[in-house]
Amino acid sequence: MLKLHNTLTGRKDDFIPLDPDRITLYVCGPTVYNYVHIGNARPVVVFDVLYRLLRRLYPQVVYARNITDIDDKIIKAAADNGEEISALTARFTTAFEEDMGRLNALPPTVVPKATDHIGDMLTMIETLIAKGHAYQADGHVLFAVESMPDYGKLSGRNLEDMLAGARVEVADYKRHPGDFVLWKPSSDDQPGWESPWGRGRPGWHIECSAMIHKHLGDVIDIHGGGQDLIFPHHENEIAQGCCAHGTDYVRYWMHNGYINIDGEKMSKSLGNFRLVRELLKEYPGEVLRFALLSSHYRSPLNFSAEVLDQAGKSLDGLYYALLGRGEQVEPDAGYRLPEDHPVLLALRDDLNTAEAISALHAVAAKLNKAELPEKPAIKAELLAGAELLGLLESDPVAWFQNQGSADDGLANDEIDALVAERTAAKKARDFARADQIRDQLKDAGIQLEDTREGTRWSRD
RNA sequence: GGCGCGGUGGCAGAGUGGUUAUGCAGCGGACUGCAACUCCGUGUACGCCGGUUCGAUUCCGACCCGCGCCUCCA
């Protein structure tokens, strides 16, 4: 049994798929007007683990993650750059995919783009108007929140509460202050598409509902995203999806917590963000991924150099286990993690990645202690458990030798030559010379280890 | 004002009504020419105050503190 925390119920619920032969998962992807920050990467990595887990548990998983490539922030960024919108969005879409690849995130099954689905959105808006859930006003089409009796059920608020705390100026063409835009007019210098209501562009929420309907179905199993999307984005998606099709929309809503900097939410508007692209210059992608998975996905994660350094060291420990003590061990082929394996049990409990990592450490310790004949099976177990988390995907030797290689000034063959010289000195029992070489390498950031099978080295 | 989340050992971070999280760092030991790696051992942890209980960090209530959403935001 898989248990998932459902925002709709506020509880950890048993996951019962609509169709066990076809699981549907949708995650809100980026608006492509900039490089993404590490906070944007959290849902990608978290739901990548969910995707990996679902694939292990069910025969087919359809996973869609959208690209929002039409939006007022995009229009502004393109204008500021003097760049075509399509060129800007293509550039940042590629950058996003590269960055997420470095974090070992698998590509989703479907990556729908908003601008490829304008027709689907128009159809859905027309349906909403026909059913009396939307109306035209001042060139806009708006969703009428009062037409939906249980509007607000995801975020746990009602229309009166929202009025009391309203911090927004309300456009005078709205029937109710909570009404939200499905379609809005474009001026001549703004991108637009012809529609029954004139040339315009879609509101923010409609794309996800339209693309879910097209690619996944009327009702899907799981929809994920950051906590900041609960209101208004996901609340409004529910309104659109339920009212247009007269069905439920999403069975399990999952929301990840924020990444904090100095105890405050990291966000583009606060300006305290760290770009994934910049972080990747200092840390391997897998270290960033490990850090993101080191705490539970719903908890806030305070991001700092200390957290990343600890993640790196902890990951080193797992890679050391794979590396072994100089012996050659091939993992058993065809190994499959048993149903009741601690890693699988941890992940099935609402993606308890911290506990899963702990279980991985236990396997690593077992591997370190094992006799040679036992090692292939345990090594396969470690790799299989790590694969569910998207970890330990590098070659262990490369893992230790490629870190920081840009700035230590020593090429791999120079290091190999010095190591060989030290080995010769050791054989001649010239330990003074051997230690001198080791100190020299240490100053250059190279650590040596003597194993039964010879000396090996790694970069800090 | 409305709604919601959290406070765990030096740090990060799970979890549980009674017995070990785990990792990193530290300390002692084994191994090693010396190291490193590894192994073994090692920590008076659960915001404050009441309540329930044979027993609470874990359940209930109040309080203090921090954070988030209610506006674009993962």
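Below, each value reflects all heavy atoms present in this structure, side chains not excepted, and no hydrogens, waters or symmetry copies. Chain A is the first sequence line, chain B the second, and so forth, proteins listed ahead of strands; every chain is numbered from 1.
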Would you say a side-chain N or O of [X] is under 4.0 Å from OP1 or OP2 of [N]?
X	N	result
A:Asn302	B:A12	no
A:Lys442	B:A35	no
A:Asn256	B:A74	no

Given the [atom1] atoms of [N] and [M], what is the spacing between them in whole Å?
N	M	atom1	value
B:C46	B:C11	C1'	16 Å
B:A21	B:U8	C1'	11 Å
B:C40	B:U22	P	12 Å
B:G47	B:U42	P	26 Å
B:A12	B:C49	P	23 Å
B:G9	B:U44	C1'	10 Å
B:G2	B:C54	C1'	43 Å
B:G6	B:C48	C1'	16 Å

Taking 4.0 angstrom as the limit, do [X] and [Y] come out as a salt bridge?
X	Y	value
A:Glu286	A:Arg102	no
A:Glu83	A:Arg91	yes
A:Asp72	A:Lys76	no

Ignoring the backbone of [X], work out which of [options] is nearest its side chain.
X	options	result
A:Phe231	B:G68, B:C69, B:C37	B:C69
A:Ala365	B:A74, B:C39, B:G13	B:C39
A:Leu301	B:G15, B:A74, B:G13	B:G13
A:Tyr320	B:A14, B:G23, B:C37	B:C37
A:Ser295	B:A14, B:C69, B:C72	B:A14
A:Ser314	B:G23, B:U38, B:A74	B:G23
A:Gln310	B:U22, B:G13, B:C24	B:C24

* Asked: Got a second to check how far A:His296's NE2 is from A:His5's NE2, nearest 0.5 Å?
  -> 8.0 Å
* Structure fact -> So CD of A:Gln440 and CD of A:Glu421: to nearest 0.5 Å the spacing works out to 8.5 Å
Figure out the [atom1]/[atom2] separation between [X] and [N], and round it to whole Å.
X	N	atom1	atom2	answer
A:Lys184	B:C72	NZ	P	10 Å
A:His361	B:C39	NE2	P	12 Å
A:Glu207	B:C72	CD	P	14 Å
A:His234	B:C70	NE2	C1'	16 Å
A:Asn272	B:G68	CG	P	10 Å
A:Glu453	B:U38	CD	P	18 Å
A:Glu235	B:C70	CD	C1'	11 Å
A:Arg452	B:A35	CZ	P	19 Å

Across all strands shown, which nucleotide pairs with [N] by Watson-Crick or G-U wobble geometry, both distances under 3.5 Å?
N	value
B:U52	none
B:U38	B:A30
B:C5	B:G66

* Structure fact -> Heavy-atom nearest nucleotide on RNA chain B taken for A:His296 and for A:Lys369; more 5' hit belongs to A:His296
* More 5' along RNA chain B: A:Glu449 or A:Lys265, using each one's nearest nucleotide? -> A:Glu449
For [X], which contact category applies under a 4.0 Å heavy-atom criterion: base, sugar-phosphate, or nothing?
X	value
A:Leu323	nothing
A:Pro30	nothing
A:Gly10	nothing
A:Ser458	nothing
A:Ser269	base
A:Gly156	sugar-phosphate
A:Asp228	base
A:Asn368	sugar-phosphate

* **Face-on cation placement of A:Arg65 at A:Phe47 ring, 6.0 Å and 45° thresholds** => no
Using only heavy-atom distances, determine whether the side chains of [X] and [Y] contain a donor-acceptor pair under 3.5 Å.
X	Y	result
A:Thr9	A:Arg11	no
A:Tyr297	A:Asp350	yes
A:Asp179	A:His176	no
A:Gln190	A:Arg201	yes

* To do: Verify whether the ring centers belonging to A:Tyr252 and A:Phe15 lie closer than 6.0 Å.
  => yes
Measure all distances between protein nitrogen or oxygen atoms and nitrogen or oxygen atoms of nucleotides 30-34 of chain B, and list the pairs falling under 3.5 Å.
| from | atom 1 | to | atom 2 | distance (Å) |
| --- | --- | --- | --- | --- |
| B:G33 | N1 | A:Asp435 | OD1 | 3.0 |
| B:G33 | N2 | A:Asp435 | OD1 | 3.4 |
| B:G33 | N2 | A:Asp435 | OD2 | 2.5 |
| B:C34 | O2 | A:Arg438 | NH2 | 2.2 |
| B:C34 | N3 | A:Arg438 | NH1 | 2.9 |
| B:C34 | N3 | A:Arg438 | NH2 | 3.3 |
| B:C34 | N4 | A:Asp450 | OD2 | 3.3 |

